[in-house]
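Shown next, in C-alpha cells, is the structure this report addresses.
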Amino acid sequence: MRQARAVAVGLAVLLVTTGVLHFVAPDGFERIVPRFLGAPRFWVASSGVAELGCAAGLLYQATMRSAGWACVALFVAVFPANIAMAVNALHGDGSVVVALARLPLQVPLVVLAAFVGRHARRRS
C-alpha cells in the first residue's frame with residue numbers, strides 16, 4: 001500500500017534525525033532519562049541505536065511491516081522520558097510548552113507506526 005510506504009518514509013526521516021541527535025547532542029536526552037533507570041548515557045545511546053535501526057527497517061519493503069511494530073514499541077518505551085521532561089520543565093528545567101506538547105505527540109506517532117505495521121505489504 002502506497003500510503004503505508006509514505007508514512008514509513010516520513011517516520012524514517014524523523015527517526016534518523018532524532019537517532020543521530022542522540023549521538024551528536026546527547027546532553028538534552030540524558031537530562032530526560034528517568035532517574036530510576038540509571039546510566040543515562042547507556043539509555044540515550046541504546047534508544048539512538050533503536051531509532052536508527054527502526055528507520056532502516058522502515059525503508060525496506062521486506063522489513064517495513066515488522067519495523068512498523070518495532071516503532072510502536074519504541075514510541076511507547078520512550079514515553080517515560082517525555083514524562084520526565086515534562087516534570088523537569090514544571091520544576092524550571094526547560095520549556096513547559098515544549099515538554100507538555102511532546103506528551104500527546106506520542107499518540108499520533110504510535111498510530112502512524114501501527115498503520116505501517118498493519119498495512120505494509122507482506123513479505124513475498
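As a basis for the values below, the full set of heavy atoms in this structure was taken, side chains included, without hydrogen atoms, waters or symmetry mates.
- Judged as a side chain to side chain contact (heavy atoms under 4.5 Å, CB included), and not counting sequence neighbours, the contacts of Leu109 are Leu11, Leu14, Phe75, Leu105, Gln106.
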Verify side chain to side chain contact (heavy atoms under 4.5 Å, CB included) between Thr63 and Leu58, making sure each step is shown before the conclusion.
CA-CA 7 Å; Thr63 56; Leu58 288 169; over 6 Å; no
Yes or no on side chain to side chain donor-acceptor pair (under 3.5 Å) for His22 and Glu51, after CA distance, side-chain angles and deciding distance?
CA-CA 9 Å; His22 277 69; Glu51 288 174 348; 3.2 Å; yes
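- Pro26 approaches Val44 most closely through the heavy-atom pair CB-CG1, 4.1 Å.
- The two residues Cys71 and Leu15 have their closest heavy-atom pair at SG-CD1, 3.6 Å.
- Side-chain N or O atoms of Asn88 include none that pairs as donor or acceptor with a backbone N or O of Ile32 at under 3.5 Å.
- Closest approach of Ala4 and Val116 over heavy atoms only: O-CG2, 3.7 Å.
- The heavy-atom pair separating Val72 from Ala114 by the smallest distance is CG2-N, 3.4 Å.
- Partners of Arg5 under the side chain to side chain donor-acceptor pair (under 3.5 Å) rule, at least two apart in sequence or in another chain, do not exist in this structure.
- Remark: side-chain polar atoms of Trp43 are not paired, donor with acceptor, to backbone N or O of Val33 under 3.5 angstrom.
- Residues satisfying the side chain to side chain donor-acceptor pair (under 3.5 Å) test with Arg118, not counting sequence neighbours, are none.
- Here the closest non-hydrogen pair linking Ala89 and Ala99 is CB-CB, 3.6 Å.
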